[in-house]
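The analysis underlying the following values was restricted to heavy atoms, covering all of them including side chains, and did not include hydrogens, waters or symmetry mates. Since the model is a prediction, treat every value here as computed from it, not as a measurement.
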Amino acid sequence: MEAVLKNLASTVEMLAVAAQSDAVKHWDKQTLSRAFHWARYCEHVFSRFHNNAAIRRIMEKQLQLTNQTLRDTIPGYTEVSFSDLPRCQHLLLVRLLNNPELPSSLMKMLFDTTRPVKTMHGDYEDVTGLCSHIVQCKSVYKVLSPLADMSALGADAEVQGEMLMERLEALLNQGSETCRAEQFLGSVLQGCEGALQQFCLVIAAALLTSKNCTAQTAAHDFLLDWLQKKHSLLQYMCSLLSPTLLKDLAKEHQKLRDASCNVLKKWASEMEYSLSDGEWVLTSTGPGVSFKKLTELFLALFDASPSLRGDVEKELNALKISDGDFDVTGLSVWGDLLSALNM
């Protein structure tokens, strides 16, 4: 039992380092693996002894002593209780994400669900396992907005979206300079080469996390501004999202609603009527959608913001008139789009 108590105290101290110490600048892959190993160890300890009243009292006493020492040493220290132990990996992950000194190399590792992290005992625990653990905790903390339909995103994207927002909040809280947050997003984007679809889902999940404080709102705004600067990424994201998911995002963020609407109008302007196919097709290279999905996405935006419909239809009608105001299919994409939107 003495060894268990010592390991318990050491793990709590490690959590404090992960949260507030610049020592994490010197962590490498092996250090990160060991940290998560000891977090899992504490979860195992809880699972084994939480129903043993005598041993539980001994452990609670040890936690009190360790917390007291850390509270006297570290300003603003957040205590770890016995009831926190079953979510120790979650605590470690969140504290690392909130520490601006965490190296970008380890951030890439945390966001990469394709490569396993090797533990000190040689077994493998990949980030997907950590994601699943956080998903279990999510219902307790209600991290995600209950108004949004997240089922289309998948568990990995939901959890990585939370991770993304945690990290952005931590970086933006360091001051007015945003260069570090931009570097972080650029690094994640670069690391997602070949997995751009997953990254777009992660961004969508991040934007659907709840906004309960000023820091969270600022992080959402920063992510939206960054996304609008990445025109090809925004177009790819619009082509990927389902109408339902786009509607949820548009309800939450006017910036994304307006930017998405501009993308849709751009796609329409680049369409030509194919006589062989009997439909409008996109002629430009790069991300795009069919005429049918274009119509569905416009309707999704109108559902999210009814006032948008009148403005868009007025603009489309003016464009139809500039094309000759014909009501014959195939002569004006604007006229055919208006007809499709009002069917």
Side-chain angles (χ1 to χ4, degrees), residues 93-94 97-98 107 110-111 113 131 134-135 138-139 141-173 178 181-189 191-192 195-264 287 289 296-298 300-305 308:
L93 182 58
V94 170
L97 292 170
N98 277 292
M107 282 300 308
L110 290 174
F111 273 88
T113 60
C131 289
I134 300 174
V135 168
K138 185 173 60 183
S139 61
Y141 297 106
K142 297 182 180 178
V143 180
L144 297 179
S145 169
L147 299 177
D149 178 12
M150 305 290 281
S151 59
L153 292 170
D156 286 354
E158 292 181 42
V159 174
Q160 288 179 311
E162 295 175 33
M163 293 165 61
L164 186 70
M165 295 313 297
E166 291 275 4
R167 187 60 176 170
L168 284 178
E169 288 169 31
L171 292 172
L172 293 173
N173 280 338
T178 60
E182 290 177 351
Q183 290 170 358
F184 161 63
L185 286 174
S187 176
V188 174
L189 177 59
C192 286
L196 196 56
Q197 177 175 337
Q198 177 68 11
F199 185 52
C200 287
L201 293 177
V202 170
I203 292 177
L207 292 172
L208 288 174
T209 55
S210 59
K211 296 178 287 184
N212 296 325
C213 64
T214 302
Q216 290 171 337
T217 300
H220 278 103
D221 287 341
F222 179 84
L223 181 56
L224 285 166
D225 290 340
W226 179 83
L227 181 61
Q228 289 180 83
K229 295 175 185 176
K230 305 293 181 181
H231 301 295
S232 60
L233 180 62
L234 177 61
Q235 289 186 63
Y236 185 80
M237 185 172 168
C238 288
S239 71
L240 177 68
L241 297 179
S242 67
T244 299
L245 198 49
L246 180 62
K247 180 176 74 172
D248 287 337
L249 287 164
K251 281 182 178 178
E252 295 293 324
H253 303 286
Q254 182 178 342
K255 283 184 181 179
L256 185 63
R257 183 201 73 190
D258 294 342
S260 299
C261 189
N262 288 334
V263 168
L264 299 186
V289 294
E296 292 172 346
L297 293 177
F298 264 119
L301 293 180
F302 296 164
D303 285 344
S305 176
L308 179 66

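The main-chain N or O of L224 is never found under 3.5 Å from a side-chain atom of H253 such that the two would form a donor-acceptor pair. Checked by atom type and distance alone, the side chain of H220 pairs as donor or acceptor with a backbone atom of T209 at under 3.5 Å.
When all heavy atoms are compared, the tightest approach of E182 to W226 is O-NE1, 4.5 Å. Counting all heavy atoms, side chain and backbone alike, Q228 lies closest to A259 at OE1-CB, 3.9 Å. Of all non-hydrogen atoms in A204 and L249, the two that sit nearest each other are O-CD2, 3.7 Å. Of all the heavy atoms in A181 and L171, the pair that sits closest is CA-CD1, 3.8 Å. Summarising the geometry of A219 relative to L172, their closest heavy-atom pair is CA-CD1, 3.7 Å, with the distance given to 0.1 Å. Closest approach of C200 and L233 over heavy atoms only: SG-CD1, 3.8 Å.
A distance of 11.5 Å separates CG of D221 from CG of L168, quoted to the nearest 0.5 Å.
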Take F184 and L164 through the side-chain contact (heavy atoms from CB on, under 4.5 Å) test and state the conclusion after the steps. CA-CA 10 Å; F184 161 63; L164 186 70; 3.6 Å; yes

Would L93 and L97 satisfy side-chain contact (heavy atoms from CB on, under 4.5 Å), going step by step from the backbone distance to the final call? CA-CA 6 Å; L93 182 58; L97 292 170; 4.1 Å; yes

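Partners of S239 by side chain to side chain donor-acceptor pair (under 3.5 Å), not counting sequence neighbours: none found. Applying the side chain to side chain donor-acceptor pair (under 3.5 Å) rule to E169 yields no partners; only residues at least two apart in sequence or on another chain are considered. With sequence neighbours excluded, the residues forming a salt bridge (Lys or Arg N to Asp or Glu O under 4.0 Å) with K255 are D225, listed by chain and number.
No side-chain heavy atom of L196 sits less than 4.5 Å from a side-chain heavy atom of L240. Using a 4.5 Å cut-off on side-chain heavy atoms (C-beta onward), N98 and N173 make no contact.
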